[in-house]
*Asks:* 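Supplied in structure tokens, the structure appears directly below.
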Amino acid sequence: MPVLDLPLDPCYSPPMAFHLTLKPGRERSVVQRHPWLFESAIGNLSAQPPDGAVVDVRGSDGTWLARGTWSGKSQIRVRLWTWNIEEHIDAGLIQQRIATAIAGRQAIAADAGTTAYRLVFSESDGLPGVIADRYGDFVVVQLSTIGAALRAQAIVEALVAQLAPRGIYERSDAEVRAKEGLEPAERLLWGEGVDGPIEILENGQRYSIDLVGGHKTGAYLDQRTNRRRVAAYCAGADVLSCFSYTGGFELEAAAAGAQHITAIDSSAEVLALAAENARRNGVTTPIEHVTGNVFGELRRFRAEGRTFDVIVLDPPKFVHSRNQIDRATRGYKDINLLAMQLLRPGGILATFSCSGLVSADLFQKVVFGAAVDAKRDVQILERLTQAPDHPVLLTFPEAEYLKGLLCRVAGSTSD
Ligand code: SAH
């Protein structure tokens, strides 16, 4: 088994201990165990820590408050790992946190119909910057902070010891790593490589997943529970699934007895995988795969007078920084308005946003604006969020990024 040459030893601990003192009045979020410490809260530093080093955080009166890792290039200057002075950020702590995270997924692990799910969800599992997803016998990790990246060896060792996977890949997202001054990393970290798509199960459906070339760590695991929720409205329905990717919403809708399914994605390549996934599951519901831009295709359907019973809108992340919020809300409103216009009276709209910077409240306002313009009465039947293997720590509400509204869209208000 190759163990790659990882950047540092398991318990990266530089020879010096560093500490910082907070500015007066900036203790509150740290005391309340929020795991991010912004540069603006820092009063002074004992010495300049190297990136990834352990730093103790003291209140303005010198009281020890927390311990974290330094990210000199990020606005989030310190990621806090512990509020217990006895606890050290070392291989033992990583081992223990990973064990707790895995134990928290026992119910999912026990479900023989689901072999792909998130094992470790960053701050929510006490491991800032560490994501680990299980795909059958393989694990895909994403290390998005320098503090996590420098502890790759300890993370890999803990995953190997506790899961004995066939292989561990790194698929570290370029966008977030750039904010930490890290290069994107895509490589085999341990064990066997895969030379093509692998098969996993989700809710009893078979999926071919490309761990090396696919989106995110390979699939959108966060929508697992929502695919089921939406399918509950699909029996006998004419379904339109927008932003299909590998066809998860369609497979569940077909299993629930949908009559006809249309799936749109801008990538012909992912639609080929979606079609392959439908064949793999022996789907008999006709599925029409449309390669195109959802914004344009929905307009075309409107011009053609096409209508549907259920429409799913699961767009990619529209907002990557605060200055994109306005533009993104216009995009969300546009597709929601078009979808409402394409729904038959009493039809179902399942609409999502995975942009963390768009709050559930703002998203609901956008859908409201679309309903007003579409002149349709819309009832919220269910509020949806990310699957439970993507938990939200109460002290870290930022972890909640996926929101969805499952709505019934009545006939025209002017009728
Ligand atoms: N619904 C999917 C996940 C969607 S991810 C699931 O359940 O797994 C977003 C998808 O939208 C990607 O496959 C991407 O190729 C596609 N996409 C992005 N922008 C698009 C656009 N403007 N029109 C159509 N598809 C788009």
Side-chain angles (χ1 to χ4, degrees), residues 114 116-118 133 135 140 171 173 175 197 200-203 205-211 213-231 234 239-256 258 261-278 280-281 287-301 310-320 324 327-328 330-336 338-339 342 349-356 384-387 389-390 401-406:
T114 294
Y117 51 89
R118 181 147 293 185
D133 290 340
Y135 287 94
V140 179
R171 290 286 311 274
D173 182 83
E175 182 201 333
I200 59 102
L201 290 171
E202 182 190 90
N203 296 334
Q205 309 281 344
R206 297 173 187 283
Y207 288 83
S208 170
I209 302 288
D210 182 358
L211 297 186
H215 294 189
K216 300 234 273 188
T217 60
Y220 292 85
L221 303 172
D222 49 4
Q223 288 282 28
R224 184 181 63 255
T225 42
N226 298 332
R227 294 187 182 111
R228 266 278 158 92
R229 294 305 318 141
V230 174
C234 291
V239 177
L240 172 61
S241 172
C242 301
F243 309 97
S244 159
Y245 192 50
T246 47
F249 281 98
E250 295 96 281
L251 286 187
E252 298 273 346
I261 299 173
T262 309
I264 311 177
D265 201 285
S266 51
S267 159
E269 206 182 326
V270 304
L271 285 180
L273 262 182
E276 159 61 20
N277 287 335
R280 204 171 269 257
N281 290 281
I287 306 184
E288 178 190 346
H289 288 105
V290 178
T291 307
N293 183 341
V294 166
F295 290 82
E297 294 302 320
L298 295 185
R299 286 186 164 75
R300 179 168 69 83
F301 289 166
V310 176
I311 299 182
V312 181
L313 295 176
D314 184 23
K317 192 170 166 184
F318 283 169
V319 184
H320 300 267
Q324 295 173 337
R327 188 164 170 266
R330 285 197 294 278
Y332 286 124
K333 182 173 172 194
D334 192 37
I335 50 176
N336 278 280
L338 288 160
L342 295 176
L349 173 64
T351 179
F352 296 94
S353 162
C354 62
S355 303
L384 305 174
T385 184
Q386 61 225 39
D389 44 333
H390 300 60
Y401 64 98
L402 180 64
K403 56 240 132 225
L405 294 172
L406 213 156

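Worth saying up front: this structure is predicted, and the values here are computed from it rather than measured. Remember, it's 1-based here, ligands and their atoms both numbered in the order they're listed.
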*Asks:* Please classify the Arg227 to ligand 1 contact at 4.0 Å (heavy-atom distances, strictly less than): side chain, backbone, both or neither.
*Replies:* side chain
*Asks:* Partners of Phe318 by ring pair (Phe, Tyr, Trp, His ring centres under 6.0 Å), sequence neighbours excluded?
*Replies:* Tyr332
*Asks:* Going by the atom numbers of ligand 1, which of them fall below 4.0 Å from some non-hydrogen atom of Ser244?
*Replies:*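 In order of number, 1 (N), 2 (C), 6 (C).
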*Asks:* Could you name the option among Phe243, Phe352, Phe249 that has the heavy atom nearest to atom 11 (O) of ligand 1?
*Replies:*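 Going through Phe243, Phe352, Phe249 one by one, Phe243 has the nearest heavy atom to atom 11 (O) of ligand 1.
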*Asks:* Do Leu221 and Gln386 come close enough that some side-chain heavy atom pair is under 4.5 Å?
*Replies:*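 No. Closest side-chain heavy atoms not under 4.5 Å.
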*Asks:* Is the distance between the ring centroids of Phe243 and Tyr220 under 6.0 Å?
*Replies:*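 Between Tyr220 and Phe243, which both carry aromatic rings, the centre distance is not below 6.0 Å.
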*Asks:* Could you check atom 1 (N) of ligand 1 against the protein and tell me its nearest heavy-atom contact, residue, atom and distance included?
*Replies:* Asp314 OD2, 2.6 Å
*Asks:* Would you tell me whether Asp265 and Ser244 have side-chain atoms, one donor and one acceptor, within less than 3.5 Å of each other?
*Replies:* no
*Asks:* Considering the heavy atoms of Gly292, write down every atom of ligand 1 situated less than 4.0 Å from one of them.
*Replies:*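 With Gly292 as reference, the close atoms of ligand 1 come out as 23 (N), 24 (C).
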*Asks:* Any side-chain donor paired with an acceptor under 3.5 Å for Thr351 and Asn336?
*Replies:*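 Per modelled atom types, Thr351 and Asn336 side chains form a pair under 3.5 Å.
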*Asks:* Where is the nearest protein heavy atom to atom 26 (C) of ligand 1: which residue, which atom, and how far?
*Replies:*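 Looking only at protein heavy atoms, the one closest to atom 26 (C) of ligand 1 is Ser266 OG, 3.1 Å.
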*Asks:* Between Asp389 and Arg224, does any NZ, NE, NH1 or NH2 come within less than 4.0 Å of an OD or OE carboxylate oxygen?
*Replies:* yes
*Asks:* Give the numbers and elements of all ligand 1 atoms closer than 4.0 Å to a heavy atom of His215.
*Replies:*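 Matching atoms, with element in brackets: 12 (C), 13 (O), 14 (C), 15 (O).
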*Asks:* Under 4.0 Å from a heavy atom of Tyr245: give me the atoms of ligand 1 that qualify, with their elements.
*Replies:* 2 (C), 3 (C), 4 (C), 8 (O), 13 (O)
*Asks:* Could you pull out all donor-acceptor pairs under 3.5 Å where a side-chain atom in residues 268-278 meets a protein atom, sequence neighbours excluded?
*Replies:*
| from | atom 1 | to | atom 2 | distance (Å) |
| --- | --- | --- | --- | --- |
| Glu276 | OE2 | Arg280 | NE | 3.0 |
| Glu276 | OE2 | Arg280 | NH2 | 2.8 |
| Asn277 | OD1 | Ser208 | N | 2.7 |
| Asn277 | ND2 | Thr246 | O | 3.1 |
| Asn277 | ND2 | Leu273 | O | 3.3 |

*Asks:* List every atom of ligand 1 that sits less than 4.0 Å from any heavy atom of Val294, numbering the atoms from 1 in the order shown and giving each element.
*Replies:* 21 (C), 23 (N), 24 (C)
*Asks:* Measure the distance from atom 18 (C) of ligand 1 to every protein heavy atom, then report the residue, atom name and distance (to 0.1 Å) of the closest one.
*Replies:* Pro316 CG, 3.5 Å
*Asks:* Would you mind finding which of Leu298, Asp265, Val270, Asn293 brings a heavy atom closest to atom 13 (O) of ligand 1?
*Replies:* Asp265
*Asks:* I need the single residue from Arg227, Lys216, Lys403 that forms a salt bridge (charged side-chain N to carboxylate O under 4.0 Å, His left out) with Asp222. Which is it?
*Replies:* Lys216
